[in-house]
Amino acid sequence: MTVRVGVIGAGMIGQDHIRRLTEVVTGATVTAVTDLDAARAAEVAATVGAAALPDGAALINPPDVDAVLVTSWGPTHAEHVLNAIAAGKPVFCEKPLATTAEDCLRIVEAERAHGSRLVQVGFMRRFDPGYRQMKEVLAAGSLGAPLMVHCAHRNPTVPDAYHSAMAAQDTAVHEIDVLRWLLDDEIVSAQVVTPRATSKRFAHLKDPQIMIFETVHGVRIDLEVFVNCQYGYDIQCEVVGEEGLVRLPDPAAVGVRTAAAGHATAVMQDWKDRFAEAFDTEFREWIASVAAGAEPTGPSAWDGYAATVITDAAVRSLESDGTVVSADMKPRPAFYGGSA
């Protein structure tokens, strides 16, 4: 079958996913688009032969929409996801699932009441080939028990609108999700400390930040978030076990040798390029699950809730000068693979 997708939010990421669904992923078509900017919705819809609809509620219910993609402004996510669940339709929601833990739990409870999974959250790193290879190594057990994780998330620059809390909410949230998945372990506390600030930042921004997490099984994670590093978009991850370590590979790039520059390898400048393959795989697998009438296999509503709780703890630590803050998470329901 061809999965007919309605898209709520036609901004940059929405347009990129519409391109992906129509040009990259087979078995999908976009039949409806809505955005707060009606003119933009109409323009984007026209490029793919879709209907431009006035709002999310009008988009979710029509019979020619089989599944919903939410790429709108974060505070609107909960409303649209809840409406999709009420309509019984699969819904892919870009992160965050919701901007508050309470709204995430509302989604979790609505999905449980529905009786099967409908929600997938857009944490694309789980679909990156490098992270998947790391997961295979860790699952094989050849490294022994994981002890420590060292990570870095570096951006060349960020705009003036980027504020200090976004280092956790918008940036580190990707590491938070992928490390919970890699380690098959839950994060129970967060601490954020700030070293000497870079002169390249805007005055209102604390940058860089060092985030320290602890898991249920005692694994210690340190994460450098440096969003004005100047030189490129650089993602690093190393898991150290009792008998070895596994490291995330850098993207493949040719080495260039010249008299002027010596031996150089290009560094990617943009997150969209760095994780292009992960985004493509993420949507291929989501569309395949919808077409098969199966539950999604990607990050769940519970993963969206967990990420929000942990980023909230990190922000509270930042605002309290580095106090260790507990991530007060509810017990995971059996519906999502827990024991509660």
Side-chain angles (χ1 to χ4, degrees), residues 123-156 167-168 170-196 198 207-253 255 263-271 273-278 281 299 303 306-307 310-311 313-314 317 322 324 327:
F123 291 122
M124 77 295 189
R125 292 208 190 169
R126 299 190 188 198
F127 301 88
D128 175 74
Y131 279 112
R132 286 189 160 185
Q133 291 169 30
M134 291 182 72
K135 178 74 169 177
E136 290 172 2
V137 170
L138 291 168
S142 60
L143 304 184
L147 307 175
M148 299 171 285
V149 185
H150 310 299
C151 297
H153 188 144
R154 304 183 183 115
N155 290 60
D170 280 24
T171 303
V173 67
H174 286 291
E175 274 81 13
I176 287 167
D177 177 74
V178 83
L179 291 174
R180 294 177 57 250
W181 172 74
L182 276 178
L183 299 172
D184 194 21
D185 201 355
E186 196 56 82
I187 292 171
V188 295
S189 70
Q191 180 183 20
V192 181
V193 296
T194 52
R196 178 181 178 177
T198 173
D207 185 48
Q209 298 179 27
I210 297 173
M211 303 183 183
I212 303 165
F213 302 103
E214 185 175 9
T215 74
V216 167
H217 292 107
V219 178
R220 287 287 189 170
I221 300 163
D222 58 82
L223 166 60
E224 170 205 321
V225 176
F226 186 12
V227 295
N228 288 282
C229 78
Q230 306 299 303
Y231 70 86
Y233 183 75
D234 188 8
I235 303 299
Q236 301 294 325
C237 181
E238 180 180 271
V239 180
V240 182
E242 296 170 307
E243 300 175 55
L245 64 84
V246 59
R247 180 178 297 137
L248 182 71
D250 286 328
H263 185 189
T265 303
V267 178
M268 284 189 169
Q269 299 297 306
D270 188 89
W271 56 270
D273 292 335
R274 171 61 180 84
F275 289 109
E277 184 176 353
T281 302
D303 294 316
I310 297 161
T311 56
S317 177
V324 177

Query raised in the report: Would you find more than 12 non-hydrogen atoms of other residues, nucleotides or ligands less than 6.0 Å from Glu277 atom CD?
Result: no
Requested in this report: Count the heavy atoms of every other residue, nucleotide or ligand shown that sit under 6.0 Å from CZ of Arg132, and state whether that count exceeds 12.
Outcome: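 Counting other residues, nucleotides and ligands, CZ of Arg132 exceeds 12 neighbours.
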Which atoms form the tightest heavy-atom contact between [X] and [Y], and what is the distance?
X: Thr265; Y: Ala253; answer: CG2-CB, 3.6 Å
X: Cys151; Y: Cys237; answer: SG-SG, 3.8 Å
X: Ile176; Y: Ala307; answer: CG2-CA, 4.3 Å
X: Asn228; Y: Gln230; answer: O-NE2, 3.0 Å
X: Ala314; Y: Val192; answer: O-CG2, 3.4 Å
X: Pro146; Y: Leu138; answer: CG-CD2, 4.4 Å

**Report entry** Asp184 with Lys135: basic N within carboxylate O range, under 4.0 Å
**Finding:**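 Salt bridge between Asp184 and Lys135, a charged N being under 4.0 Å from a carboxylate O: no.
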Look up atom [atom1] in [X] and atom [atom2] in [Y], then write down how far apart they are to the nearest 0.5 Å.
X: Thr171; Y: Phe226; atom1: OG1; atom2: CZ; answer: 13.0 Å
X: Glu243; Y: Leu143; atom1: CD; atom2: CG; answer: 8.0 Å
X: Arg180; Y: Phe213; atom1: CZ; atom2: CZ; answer: 12.0 Å
X: Met124; Y: Thr281; atom1: CE; atom2: OG1; answer: 12.0 Å
X: Ile187; Y: Glu214; atom1: CD1; atom2: CD; answer: 10.5 Å
X: Asp207; Y: Thr198; atom1: CG; atom2: OG1; answer: 6.5 Å

Query raised in the report: Counting N and O atoms only, with roles assigned by atom type, does the side chain of Gln209 sit under 3.5 Å from a partner on the main chain of Val225, one being a donor and the other an acceptor?
Result: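 Here the side-chain-to-backbone pair does not exist.
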Query raised in the report: Would you say Gln269's side chain and Val267's backbone share a donor-acceptor pair under 3.5 angstrom?
Result: yes
Note, [X] side chain near [Y] side chain (heavy atom, < 4.5 Å):
X: Arg154; Y: Tyr233; value: no
X: Phe275; Y: Pro251; value: no
X: Leu179; Y: Val149; value: yes
X: His150; Y: Val240; value: yes
X: Met148; Y: Val219; value: no
X: Asn155; Y: Cys229; value: no
X: Thr215; Y: Glu186; value: no

Query raised in the report: Under the criterion side-chain contact (heavy atoms from CB on, under 4.5 Å), which of Leu248, Leu183, Ile221 is the partner of Val239?
Result: Leu183
Report task. Scan side-chain atoms only and decide if Asp234 and Gln236 contain a donor-acceptor pair under the 3.5 Å cut-off. Result ->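 There is such a pair between these side chains.
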Requested in this report: State, without any angle test, whether Tyr131 and Arg125 hold a side-chain donor-acceptor pair at a distance under 3.5 Å.
Outcome: yes
Report task. Apply side chain to side chain donor-acceptor pair (under 3.5 Å) to the pair His153 and Glu175, showing each step before the final yes or no. Result -> CA-CA 8 Å; His153 188 144; Glu175 274 81 13; 2.9 Å; yes
Query raised in the report: Between Asp303 and Arg126, is a salt bridge (Lys or Arg N to Asp or Glu O under 4.0 Å) present by the stated rule, with each step listed?
Result: CA-CA 12 Å; Asp303 294 316; Arg126 299 190 188 198; 3.3 Å; yes
**Report entry** side chain to side chain contact (heavy atoms under 4.5 Å, CB included) assessment of Trp271 paired with Ile235
**Finding:** CA-CA 9 Å; Trp271 56 270; Ile235 303 299; over 6 Å; no
